[in-house]
Asks: 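One structure coming up, written as structure tokens, with questions to follow.
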Amino acid sequence: MQAKLRIGLAEQTLLAALGQAAVYSEKHSTPPPNIQSPLEEAVKIVKQAYSVLPVYDKIVPALLSDGVWNLPNTCSFTLGVPVGPMLAKPTKGVSEIVQKFQNTEYTCEFKYDGERAQIHYLEDGSVEIYSRNAERNTGKFPDVVAAVSRLKKSSVGSFVLDCELVAYDREKQKILPFQVLSTRARKNVVMSDIKVNVCIYAFDMLYLNGRPLIQEELKVRRECLYESFEEEAGFFKFASAITSNDIDEIQKFLDAAVDGSCEGLIIKTMNKDATYEPSKRSLNWLKLKKDYMDSIGDSLDLVPIAAFHGRGKRTGVYGAFLLACYDNNNEEYQSICKIGTGFSEAVLEERSASLRSKVIPKPKSYYRYAETITPDVWFEPTEVWEVKAADLTISPVHRAAIGIIDPDKGISLRFPRLVRVREDKTPEQASSSEQVAEMYSSQSHNQSNNQDDNEDD
DNA sequence: TGTGTCTGCCC
DNA sequence: ATTCTGC
DNA sequence: GCAGAATGGGCAGACACA
């Protein structure tokens with residue numbers, strides 16, 4: 001029953017209903033004294049219980065047998081049951097962080113570009129690995145199971161580890177891009193077949209030797225973490241961290257993170273509001289990536305050449321657009337990505353209205369795209385949009401800069417979103433294929449470096 | 001056996 | 001993932 | 001400020017079909 005109930009379906013509303021129903025059906029039970037609103041209190045309790053034990057088949061029976069007010073005792077964190085990983089809120093710059101956390105001790109950690117994992121090690125030596133969405137990933141990472149068992153200290157009999165699994169080249173001692181990690185086989189993997197190695201970057205500890213740590217401060221949890229494992233290059237490392245409140249120092253650390261193939265930084269309070277909050281994107285953890293910052297990060301000017309009808313609340317307007325860069329040599333527009341986020345409702349309405357009048361019956365002969373992409377409508381090339389992205393990737397479907405980096409693959413964008421409409425540019429002035437290729441090449445992963453990033457010496 | 005398409009899960 | 005919006 | 005709902009690229013695996 002639980003297996004088919006997926007989140008996204010108004011989970012919080014469902015939990016609130018559960019809590020309220022419990023109060024109504026427990027007419028004769030006694031809520032603790034000095035409570036203003038038993039209804040609200042019950043909702044809090046149910047949500048709290050579910051956050052540490054997200055299993056309806058446990059919560060509901062416990063509610064029925066021992067009531068809401070006993071729920072904190074009857075439903076608590078359980079080894080082997082994954083809790084939702086704590087999330088971080090996007091932040092636009094170092095100054096915003098310093099401001100938000102003034103008078104508070106906080107730490108900055110590298111944000112590694114891999115796959116989130118919650119590793120449970122049980123007293124009997126068995127291991128379970130869960131993904132960000134509580135999928136059981138144990139069969140995908142036998143190497144991680146082995147590493148963790150080997151590198152835990154002998155005093156450690158059970159633990160829950162929060163970490164990032166990152167593709168790693170042990171010969172060159174280098175982190176590999178997320179795209180490499182994602183090529184790993186996913187089912188029934190056996191050690192000898194593994195082609196992409198993984199390094200564990202550990203950053204939190206939720207449970208140790210029978211003791212839940214969720215309600216402890218990060219300072220305590222981190223101490224537990226550091227005491228529980230041996231590091232080993234290419235297999236298990238603690239996430240790089242500094243504790244500082246100096247703007248320049250943090251800025252340098254951010255640059256170091258990006259240089260080290262990381263996405264940016266995660267900033268966490270050490271003591272104040274420093275408990276582990278499952279599933280919450282609370283203020284306690286902030287994330288800082290270059291592409292969140294205004295006037296820094298990869299930004300491109302692209303032309304909408306086609307669109308798809310919107311669904312749900314986008315019914316009646318376009319829901320997504322196909323974007324292209326311009327190849328001056330071949331005088332053609334090459335698809336680079338679709339885009340469907342970054343539009344306010346007003347802007348989406350404007351753009352839809354504007355482009356509806358530019359619809360053409362067939363794609364232009366000078367549009368280069370994969371036949372597998374089948375938009376609902378095609379446009380005359382008329383507008384230029386500024387788009388931001390986290391990364392550029394080699395694409396199996398898009399055609400931007402095809403023939404420059406790879407003979408028959410183009411380039412696409414990771415996490416594309418609209419920044420603004422460039423009223424001042426014509427489509428021919430959009431980002432060129434050469435520029436796209438240049439941006440791809442200068443990413444830190446690709447050592448085909450033109451060495452123009454000289455430090456002064 | 002090989003190829004194209006779709007789905008579910010990573011980000 | 002990112003972003004926007006109603007509550 | 002939070003929850004929910006729009007939307008992105010790209011991969012392995014499942015499935016359908018030749």
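Quick note: numbers below take in every heavy atom, side chains included, and nothing from hydrogens, waters or symmetry partners. Residue numbers begin at 1 in each chain, while the letters A, B, ... track the order of the sequences.
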Asks: What is the distance, rounded to the nearest whole Å, between atom NZ of A/K313 and atom P of C/dC7?
Replies: 12 Å
Asks: Check every atom of B/dT5, D/dA14, D/dG9 against the side chain of A/K187 and return the nucleotide holding the closest atom.
Replies: D/dA14
Asks: Classify A/I394 by what it touches in the nucleic acid, base, sugar-phosphate, or nothing, heavy-atom distance under 4.0 Å.
Replies: sugar-phosphate
Asks: Do the side-chain N or O atoms of A/S412 get closer than 4.0 angstrom to the phosphate oxygens (OP1, OP2) of D/dG8?
Replies: no
Asks: Taking donor-acceptor contacts at under 3.5 Å, does the side chain of A/T341 reach the base of C/dT2?
Replies: yes
Asks: What contact category does A/K388 fall into here, base, sugar-phosphate, or nothing, at under 4.0 angstrom with non-hydrogen atoms?
Replies: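 No contact.
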Asks: Nearest-Å distance, CD (A/E345) to P (D/dT7)?
Replies: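 Answer to the nearest Å: 13 Å.
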Asks: Figure out the CZ/C1' separation between A/R414 and C/dT2, and round it to whole Å.
Replies: 12 Å
Asks: A/V397 has a side chain; which of D/dC11, D/dA14, D/dG10 sits nearest to it?
Replies: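 The nucleotide sitting nearest to the side chain is D/dG10.
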Asks: Whole angstroms only, please: what is the CG-P distance between A/D391 and D/dC11?
Replies: 14 Å
Asks: Over 60° means perpendicular and under 30° means parallel, so classify the ring planes of A/F159 and A/F229, tilted if in between.
Replies: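 Rings of A/F229 and A/F159: perpendicular, over 60°.
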Asks: Of the listed nucleotides (D/dA3, C/dT2, D/dG9), which one gets closest to any side-chain atom of A/C337?
Replies: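 Closest nucleotide to the A/C337 side chain: D/dG9.
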Asks: Hey, does the side chain of A/Q179 come within less than 4.0 Å of D/dC11's phosphate (OP1/OP2), counting only N and O?
Replies: yes
Asks: Taking the inter-plane angle between the rings of A/F110 and A/Y112 on a 0 to 90° scale, is it parallel (under 30°), tilted (30 to 60°) or perpendicular (over 60°)?
Replies: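 Tilted, since the angle between the ring planes falls between 30° and 60°.
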Asks: Taking OP1 and OP2 of B/dC9, is either one under 4.0 Å from a side-chain nitrogen or oxygen of A/K140?
Replies: no
Asks: According to a strict under-4.0 Å criterion, is A/S131 in side-chain N/O contact with OP1 or OP2 of B/dC10?
Replies: yes
Asks: Validate the cation-pi geometry between A/K364 and A/Y333: distance from NZ or CZ to the six-membered ring centre under 6.0 Å, angle to the ring axis within 45°.
Replies: no
Asks: Is A/R170 positioned over the aromatic face of A/F235, cation under 6.0 angstrom from the ring centre and no more than 45 degrees off axis?
Replies: yes
Asks: It should be established whether A/T393 places a side-chain nitrogen or oxygen under 4.0 Å from OP1 or OP2 of nucleotide D/dG10.
Replies: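 For D/dG10, OP1 or OP2 has a side-chain N or O of A/T393 closer than 4.0 Å.
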Asks: Take A/A390 and A/A346, find for each the nucleotide of DNA chain C with the closest heavy atom, and name the residue whose nucleotide sits nearer the 5' end.
Replies: A/A390
Asks: Could you state the CZ-P distance from A/R351 to D/dT7, rounded to the nearest angstrom?
Replies: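 In whole Å, D/dT7 P and A/R351 CZ are 19 Å from each other.
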Asks: Counting only side-chain N and O atoms of A/K338, is one of them less than 4.0 Å from OP1 or OP2 of D/dG8?
Replies: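 A/K338 to D/dG8 OP1/OP2: side-chain N or O found under 4.0 Å.
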Asks: Tell me the interatomic distance from A/E349, atom CD, to C/dC4, atom C1', rounded to whole angstroms.
Replies: 15 Å
Asks: For A/E105 and A/K219: C-alpha separation, side-chain torsions, deciding distance, then whether salt bridge (Lys or Arg N to Asp or Glu O under 4.0 Å) applies.
Replies: CA-CA 10 Å; A/E105 190 185 343; A/K219 199 157 205 166; 3.0 Å; yes
Asks: Any side-chain N or O of A/K289 under 4.0 Å from OP1/OP2 of C/dT2?
Replies: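 Yes, within the criterion.
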Asks: Classify the ring geometry of A/Y318 against A/F379: parallel below 30°, tilted from 30° to 60°, perpendicular beyond 60°.
Replies: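 The arrangement is perpendicular - the two ring planes meet at more than 60°.
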Asks: Just N and O in the side chain of A/K287: are any of them under 4.0 Å from OP1 or OP2 of C/dT2?
Replies: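 Yes, A/K287 has a side-chain N/O under 4.0 Å of OP1/OP2 on C/dT2.
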Asks: I need the OH-P distance between A/Y130 and B/dC9, as an integer number of Å.
Replies: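 About 15 Å, once rounded to whole Å.
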Asks: From CZ of A/R184 over to P of B/dC9, roughly how many Å is that when rounded to an integer?
Replies: 19 Å
Asks: Can you check whether A/T13 has a side-chain N or O nearer than 4.0 Å to OP1 or OP2 of D/dG4?
Replies: yes
Asks: Base, sugar-phosphate, or nothing for A/L418, non-hydrogen atoms under 4.0 angstrom?
Replies: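 No contact at all - A/L418 keeps every heavy atom at 4.0 Å or more from the nucleic acid.
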Asks: Does A/R417 have a side-chain nitrogen or oxygen under 4.0 Å from the phosphate oxygens OP1 or OP2 of C/dT3?
Replies: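 Yes, because at least one side-chain N or O of A/R417 sits under 4.0 Å from OP1 or OP2 of C/dT3.
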Asks: Is it the case that the base of D/dC11 and the side chain of A/R186 share a donor-acceptor contact (distance under 3.5 Å, atom types as modelled)?
Replies: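 Checked by distance alone, the answer is yes.
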Asks: When we call it a touch if two heavy atoms are under 4.0 Å apart, what does A/P396 touch: a base, just sugar-phosphate, or nothing?
Replies: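 Sugar-phosphate contact only - A/P396 comes under 4.0 Å of backbone atoms but never of a base.
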Asks: At what distance, to the nearest 0.5 angstrom, does CG of A/L300 lie from OG of A/S431?
Replies: 4.5 Å
